[in-house]
Amino acid sequence: MELQDVVQRRIDELVETELGLQVAVYRHGELVVDAVAGDGVTPETLYFAASTGKGASATVANVLVDRGVLDYDQPIVELWPEFGAHGKETATLRHVLTHSVGLPALPPDATRKTLPLQADRLAGTEPWWEPGTKMTYHAETFGVLVGEIVHRATGRTISDVLREILIPLDLQDNVFFALPSDQRHRLAELVEPEGAEETFAMLAGMFENVVPRAMQPRAAVLNRPEQLAVEDPSSGILTARGIAKLYAALIGEVDGVRLVRPEAVPVITGPALVAQDELLGNPATLALGYAIGRLGSSAEESPASFGWPGMGGSAAWADTRSGVTFALTRALFDPTRAASAVEIGNLVAKTLC
């Protein structure tokens, strides 16, 4: 049985609880799985995919480095002079991409609507540690920092640069950091599982020192298109096919398009930092803007894989050894369970990787 049929059959079984699913897989630049399930779901349906979108913001930064617009080790202050306050003069893009810059926390009064104001506030903030000496997951500040660095280097928003990168791949309507008003009709509604309040409360407590409660993702907020109209490069509004194809063009050629030179791929996707996460406590192996290791598998078990999952159960990853990329989006916004992304991802990896 073809992998397309195997995946389609399985997500048809899962959709009763998942409510809506998209799965896309590319291999050596060719779309080999394009499966959807759920009422009204098509490959063009847009999903809020939380931190799965970090893969797109990291890709923008890496493409600009490959083009010579940015440099991993150039001090940020050379582009953004205000950023040097409180001992951050040595901080670099590399530190931002590896979550080691020491600015994991948004101010307590931050909201989605005030995200455009947070770059200036972070520039004037004292880091938790000397940049590059420790790391913790920069859940919301990652996108703010990458976005502002891109803006300082290019004079354009990261959304504009992303669109320029996407157009040759015909993906300009498939990956967004801010939802355009003319695309609102494509947005899938998220649904939280029953009994999730305790889980959300636990997560709010875990992240309260870095993510204000007003910024913590909840379906009731994320189903309001005006909330997603604010640019947030820490998240993504996307299709599975869109983010999978973007990863495919990062590691190889798709439709005659390569996003970076072949010799840049191992630099971008290889280990850039191995450390203990200071806040969450887990060991982390990071590439330049991505976690190494397939979701549900460790960096040791799948060292050629890299990507980023999203709170809520979405995920996207690529495997440089096999040339395979994978993405899954879903309507069930479950903050602690990504079982479907792990299961289907492992099925794909077992077959193709």
Side-chain angles (χ1 to χ4, degrees), residues 3 6-7 10-11 14 17-18 21-27 32-33 35 47-59 98-99 137-139 142 175 193 199 203 217 234-236 238-248 250-251 268-274 277 280-353:
L3 183 60
V6 173
V7 170
R10 182 57 183 140
I11 66 172
L14 291 169
T17 53
E18 299 283 340
L21 285 163
Q22 294 174 327
V23 177
V25 179
Y26 279 79
R27 187 184 191 190
V32 295
V33 175
Y47 284 87
F48 175 81
S51 291
T52 298
K54 286 184 173 70
S57 49
T59 297
T98 56
H99 298 255
Y137 178 42
H138 286 47
F142 178 88
V175 185
T199 300
L203 289 171
S234 284
S235 301
L238 47 84
T239 65
R241 190 165 58 188
I243 192 69
K245 189 175 183 180
L246 184 64
Y247 272 107
L250 178 64
I251 66 170
I268 292 168
T269 64
L273 180 73
V274 179
D277 189 301
L280 302 179
N282 58 283
T285 303
L286 298 178
L288 290 170
Y290 320 90
I292 293 181
R294 193 174 66 250
L295 181 65
S297 174
S298 69
E300 292 75 24
E301 294 167 329
S302 51
S305 297
F306 69 99
W308 211 272
M311 176 181 173
S314 62
W317 51 260
D319 187 85
T320 56
R321 186 176 299 156
S322 62
V324 170
T325 70
F326 166 87
L328 179 145
T329 60
R330 68 178 189 174
L332 185 68
F333 194 72
D334 190 335
T336 60
R337 298 191 62 184
S340 56
V342 172
E343 178 190 345
I344 304 299
N346 283 345
L347 188 159
V348 169
K350 183 178 180 180
T351 305
L352 299 180
C353 294

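- Residue pairs meeting the salt bridge (charged side-chain N to carboxylate O under 4.0 Å, His left out) criterion with at least one partner in residues 305-322, sequence neighbours excluded, are absent.
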For residues 281-295, run the donor-acceptor check on the side chains, cut-off 3.5 Å, and write out each pair with its distance to 0.1 Å, sequence neighbours left out.
unit_1	atom_1	unit_2	atom_2	d
Y290	OH	T59	N	3.3
Y290	OH	T59	OG1	2.9
Y290	OH	N62	ND2	3.2
R294	NE	N346	OD1	3.4
R294	NH2	N346	OD1	3.4

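- Pairs engaging residues 330-353 under the ring-ring contact (aromatic ring centres under 6.0 Å, His included) rule: none recorded [sequence neighbours left out].
- Scored by the side-chain hydrogen bond (donor to acceptor under 3.5 Å, both in side chains) test, S234 finds no partners at all (sequence neighbours excluded).
- Nearest heavy atom pair, residue Y47 against residue A331, reads CE2-N, 3.5 Å.
- For S302 against S297, the heavy-atom pair with the smallest separation is OG-OG, 3.0 Å.
- The structure places CD of E18 at 8.5 Å from CG of D334, a figure rounded to the nearest 0.5 Å.
- A distance of 13.0 Å separates CD1 in I11 from CZ in R330, rounded to the nearest 0.5 Å.
- Partners of T325 according to the side-chain hydrogen bond (donor to acceptor under 3.5 Å, both in side chains) rule, which considers only residues two or more places apart in sequence or in another chain, do not exist here.
- Remark: H99 engages Y137, H138, F142, W308 in a ring pair (Phe, Tyr, Trp, His ring centres under 6.0 Å) (not counting sequence neighbours).
- The two residues L14 and I344 have their closest heavy-atom pair at CD1-CD1, 4.3 Å.
- Across all non-hydrogen atoms, the minimal contact from A50 to M311 is CB-O, 3.2 Å.
- A49 pairs by the side-chain contact (heavy atoms from CB on, under 4.5 Å) definition with T52, L238, S314, not counting sequence neighbours.
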Inset, instruction - Give the intermediate values and the outcome of side chain to side chain contact (heavy atoms under 4.5 Å, CB included) for residues T239 and Q22. - result: CA-CA 8 Å; T239 65; Q22 294 174 327; 4.0 Å; yes
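- Applying the side-chain contact (heavy atoms from CB on, under 4.5 Å) test to S298 and every residue at least two apart in sequence or in another chain returns E300, E301.
- Counting all heavy atoms, side chain and backbone alike, Y247 lies closest to G55 at OH-CA, 3.4 Å.
- Every residue two or more places apart in sequence or in another chain was checked for a side-chain hydrogen bond (donor to acceptor under 3.5 Å, both in side chains) with T320, and none qualifies.
- Within the structure, the ring-ring contact (aromatic ring centres under 6.0 Å, His included) test picks out no pair touching residues 334-353 (sequence neighbours left out).
- Judged as a salt bridge (charged side-chain N to carboxylate O under 4.0 Å, His left out), and not counting sequence neighbours, R27 has no contacts.
- Distance CG/L21 to CZ/R10: 10.0 Å, rounded to 0.5 Å.
- Judged by distance alone, the side chain of K54 and the main-chain N or O of A139 form a donor-acceptor pair under 3.5 Å.
- Closest approach of T98 to A272, counting heavy atoms only: CG2-CB, 3.9 Å.
- Remark: S57 pairs with no residue by the side-chain hydrogen bond (donor to acceptor under 3.5 Å, both in side chains) rule, at least two apart or across chains.
- The shortest side-chain heavy-atom distance between V33 and Y26 does not fall under the 4.5 Å cut-off.
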